[in-house]
Amino acid sequence: GYQGETMLVAILDAGFLRANRVAFLNPLFTEKRVLATYDFPDRETDVYDDDEHGLNVLSVMAAEAPNQLYGPAYKATYLLLRTEIAATENPVEEAYWLFGAEYADSTGADIINSSLGYTTFDNPADNHTYADLTGNKTLISRAATWAAEAGMVVVNSAGNEGASAWRNIAAPADSPGVLSIGAVDRSGILARFSSVGPTPDGRIKPDLVALGQGTTLGTSAGSVVTGNGTSFSGPLVAALAAGFWQANPDLSAAQVRDLLRLSGSQADRPDNQYGYGIPNFERAALLADARKTGVIYPNPVSATDRLNVNLTTDEVAQPVTVRLTDLAGRCVFQRNYPGSQVGMLRLELPDLQQGMYLVSVVTLNHIRTVRLLKR
């Protein structure tokens with residue numbers, strides 16, 4: 001029931017050829033839900049005369065074509081920003097991306113979708129190396145981190161190099177503040193072209209995966225077709241984020257990112273091909289509700305489970321001690337955590353005997369204790 005109403009999404013791309021003329025986007029324009037446009041390379045407001053890649057991306061999120069295609073965020077409001085020059089590849093395009101992210105922030109955007117990635121350039125001397133992909137070396141990745149820190153959810157395609165010699169993600173998908181998105185087919189199998197991780201500093205990437213092989217999308221000719229690429233799995237997750245944040249407006253951008261990761265189909269065993277897996281709105285919503293009430297789950301807990309401790313509003317952003325005691329009062333587990341901004345702690349418990357335990361969440365102001373059953 002959430003289609004992105006009230007949410008502002010910025011799309012940074014190579015152009016939105018004829019987006020203002022195709023039937024499947026008519027409601028976007030008749031309802032005046034394109035808030036602004038800007039072409040940074042050409043320094044003009046017309047973004048409808050260049051590449052169609054951005055149109056394809058926009059259609060995945062916002063199209064309304066009865067019996068053919070509905071984008072998951074087809075009621076959201078959009079900023080259409082051209083930052084990429086499709087015919088060339090030069091480092092200045094990373095600066096254009098930075099300008100686009102600043103523009104989005106100044107306009108109040110909630111979400112940035114970017115189906116772009118940079119590793120090689122027309123001048124090989126400008127190329128990035130794998131060692132550069134730490135999230136804090138390339139300009140575009142630093143810009144993406146700043147955008148995330150400013151309070152936007154930044155979603156970026158992981159890249160289409162999985163079958164090449166490079167294989168790895170591209171900048172800015174390496175940013176720790178970015179949800180980088182790989183591609184799967186309709187059976188949930190990783191697309192051969194989907195770029196993989198990890199980052200050179202050992203972080204898991206991509207973060208999530210979504211349908212990127214055989215994704216339904218619109219073209220500048222007005223037709224509805226299917227296409228392949230993480231360019232199209234990324235906007236599906238950005239659209240999911242729009243609806244999820246609309247449904248949970250009290251969350252911060254960091255919490256939205258974290259809950260979408262934790263909603264993934266393999267959140268308990270993330271890897272560098274699928275990341276945390278395929279995200280799920282209902283799972284994320286349950287996690288968000290648990291965060292509000294301070295639930296500890298799963299309860300009962302088994303030997304293979306990680307224990308999720310959802311912090312209440314009063315417990316977020318301050319130092320927390322989690323203590324586990326048996327009914328005789330013996331402490332069997334204790335760990336101190338710095339202030340958590342995402343409202344959730346995930347604990348790997350020691351090997352416990354079956355029985356009842358008490359979990360205490362201790363802050364400077366109070367102690368909250370919950371009974372926990374070990375199966």
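Keep in mind that what you see is a predicted model, and the values were worked out from it rather than measured.
Counting heavy-atom neighbours within 6.0 Å of Gln353 CD, excluding the residue itself, gives a total of 12 or less. Within 6.0 Å of CZ in Arg192 there are 12 or fewer heavy atoms belonging to other residues, nucleotides or ligands. For Asp351, the CG atom sits in a loose shell: 12 or fewer heavy atoms of surrounding residues, nucleotides or ligands are nearer than 6.0 Å. Residue Arg346 places its CZ atom among more than 12 non-hydrogen atoms of other residues, nucleotides or ligands, all under 6.0 Å distant.
His53 has its ring centre no less than 6.0 Å from the ring centre of Phe16.
With rounding to the nearest 0.5 angstrom, the CG atom of Leu81 is 9.0 Å from the CD1 atom of Ile11. Considering CG of Leu327 and CE of Met356, their distance stands at 7.0 Å, rounded to 0.5 Å. Considering OH of Tyr96 and CG of Leu116, their distance stands at 14.0 Å, rounded to 0.5 Å. Going from atom OH of Tyr103 over to atom CG of Leu12 covers 11.5 Å, rounded to the nearest 0.5 Å. How far CG of Asn228 is from CG of Asp185: 10.0 Å, rounded to the nearest 0.5 Å. In this structure, Asp126 CG and Asn90 CG are separated by 7.0 Å, a value rounded to the nearest 0.5 Å.
Distance alone, capped at 3.5 Å, places no donor-acceptor pair between the Glu31 side chain and the Leu28 backbone. Side-chain atoms of Glu315 come within 3.5 Å of backbone atoms of Thr312 as a donor-acceptor pair (strictly under, hydrogens ignored). At distances below 3.5 Å, not a single donor-acceptor pair connects side-chain atoms of Asp105 with backbone N or O atoms of Ala101. Side-chain N or O atoms of Lys374 include none that pairs as donor or acceptor with a backbone N or O of Ser302 at under 3.5 Å. Not a single donor-acceptor pair under 3.5 Å links the side chain of Ser187 to the backbone N or O of Ile189. Ser194 places no side-chain N or O within donor-acceptor distance of the main-chain N or O of Gly162, the cut-off being under 3.5 Å. Counting only distance, with no hydrogens or angles, the side chain of Ser175 and the backbone of Gly177 share a donor-acceptor pair below 3.5 Å. The main-chain N or O of Asp174 is never found under 3.5 Å from a side-chain atom of Ser141 such that the two would form a donor-acceptor pair. A donor-acceptor pair is defined here as one N or O able to donate and one able to accept, closer than 3.5 Å; no such pair exists between the side chain of Gln334 and the backbone of Arg323. Tyr78 places no side-chain N or O within donor-acceptor distance of the main-chain N or O of Arg33, the cut-off being under 3.5 Å.
For the 3.5 Å distance criterion, the side chains of Asn365 and Thr363 fail to qualify, holding no donor opposite an acceptor. Side-chain contact check for Asn280 and Ser263: no donor-acceptor pair (N or O, by modelled atom type) lies under 3.5 Å. Under 3.5 Å, the side chains of Trp166 and Thr119 contain no donor-acceptor pair of N or O atoms. With 3.5 Å as the limit, one finds a donor-acceptor pair spanning the side chains of Thr230 and Asn160. Between Thr138 and Asp132, the side chains place no donor N or O within less than 3.5 Å of an acceptor N or O (distance only, hydrogens not considered). Side-chain atoms of Tyr337 and Gln318 include no donor-acceptor pair closer than 3.5 Å. For the residue pair Thr321 and Asn336, a side-chain donor N or O sits within less than 3.5 Å of a side-chain acceptor on the partner. In this structure, a donor-acceptor pair under 3.5 Å is absent between the side chains of Ser231 and Ser157.
In this structure the side chain of Leu345 never reaches within 4.5 angstrom of the side chain of Asn310, judged on heavy atoms. The closest side-chain heavy-atom distance from Glu161 to Arg167 is not below 4.5 Å. By the 4.5 Å heavy-atom criterion applied to side chains, Leu251 and Leu259 are counted as neighbours. Tyr357 has its side chain out of reach of Thr325: every pair of non-hydrogen atoms, C-beta onward, lies at least 4.5 Å apart. By the 4.5 Å heavy-atom criterion applied to side chains, Val361 and Leu311 are counted as neighbours. Contact check for Thr369 versus Ile367: side-chain heavy atoms found under the 4.5 Å cut-off. Side-chain atoms of Trp146 and Arg142, non-hydrogen and from C-beta on, do get closer than 4.5 Å to each other. Residues Gln3 and Pro72 fail the side-chain proximity criterion, which asks for heavy atoms closer than 4.5 Å.
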(request) Go through the steps to decide whether Ile169 and Thr199 satisfy the test side chain to side chain contact (heavy atoms under 4.5 Å, CB included), and finish with yes or no. (result) CA-CA 8 Å; Ile169 58 168; Thr199 61; 4.1 Å; yes
(message) Checking Asn156 against Ser180 for the side-chain hydrogen bond (donor to acceptor under 3.5 Å, both in side chains) test, could you report, in this order, the C-alpha distance in whole Å, the side-chain angles of both residues, the deciding distance, and whether it holds?
(response) CA-CA 5 Å; Asn156 203 94; Ser180 58; over 6 Å; no
(message) With side-chain hydrogen bond (donor to acceptor under 3.5 Å, both in side chains) as the criterion, how do Ser59 and Asn56 come out once you've worked through the C-alpha distance, each side chain's angles and the decisive distance to 0.1 Å?
(response) CA-CA 5 Å; Ser59 73; Asn56 302 146; 5.4 Å; no
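Note on Val332 and Leu372: same hydrophobic cluster, where clusters join Ile, Leu, Val, Met, Phe, Trp and Tyr whose side-chain heavy atoms are under 4.5 Å apart, directly or indirectly. Hydrophobic clustering of Ile, Leu, Val, Met, Phe, Trp and Tyr side chains at less than 4.5 Å, counting indirect connections, keeps Leu260 apart from Ile112. Note: the hydrophobic cluster containing Leu133 does not contain Val155 (ILVMFWY, side chain heavy atoms under 4.5 Å, direct or indirect links). When hydrophobic clusters are built by joining Ile, Leu, Val, Met, Phe, Trp and Tyr residues whose side-chain heavy atoms come closer than 4.5 Å, directly or via intermediates, Tyr276 is grouped together with Phe244. One hydrophobic cluster holds both Val34 and Ile111 under the rule that ILVMFWY side chains link at heavy-atom gaps under 4.5 Å.
Taking all atoms of both residues into account, the shortest heavy-atom contact from Asn272 to Ile204 is OD1-CA, 3.2 Å. Closest approach of Leu98 and Leu139 over heavy atoms only: CD2-CD1, 4.2 Å. Nearest heavy atoms, Leu8 versus Thr107: CD2-O, 3.6 Å. Across all non-hydrogen atoms, the minimal contact from Ile140 to Glu94 is N-OE1, 3.0 Å. Contact between Asn299 and Arg371 at its shortest, heavy atoms only, is ND2-O, 2.9 Å. Here the closest non-hydrogen pair linking Ala238 and Met61 is CB-CE, 3.7 Å.
Ring geometry, Phe121 versus Tyr118: the interplanar angle falls under 30°, so the pair is classed parallel (tilted spans 30 to 60°). Classification of the Phe99-Phe40 ring pair by plane angle, with boundaries at 30° and 60°, yields tilted.
Comment: Arg269 does not engage Asp271 in a salt bridge, judged by the lack of any side-chain N to carboxylate O separation of less than 4.0 angstrom. Salt bridge annotation for Glu348-Arg306: present, with a cationic side-chain nitrogen under 4.0 angstrom from a carboxylate oxygen. Asp13 has no carboxylate O lying under 4.0 Å from a charged side-chain N of Arg82, or vice versa, which leaves the two without a salt bridge. Taking a cutoff of 4.0 Å between a charged side-chain nitrogen and a carboxylate oxygen, Asp207 and Arg257 do not qualify as a salt bridge. Contact check on Arg18 versus Asp49 returns no salt bridge, with no Lys/Arg side-chain nitrogen under 4.0 Å from an Asp/Glu carboxylate oxygen.
Here Asp326 pairs with Arg330 under the side-chain hydrogen bond (donor to acceptor under 3.5 Å, both in side chains) rule; sequence neighbours left out. Not a single salt bridge (Lys or Arg N to Asp or Glu O under 4.0 Å) links Arg186 to another residue, sequence neighbours left out.
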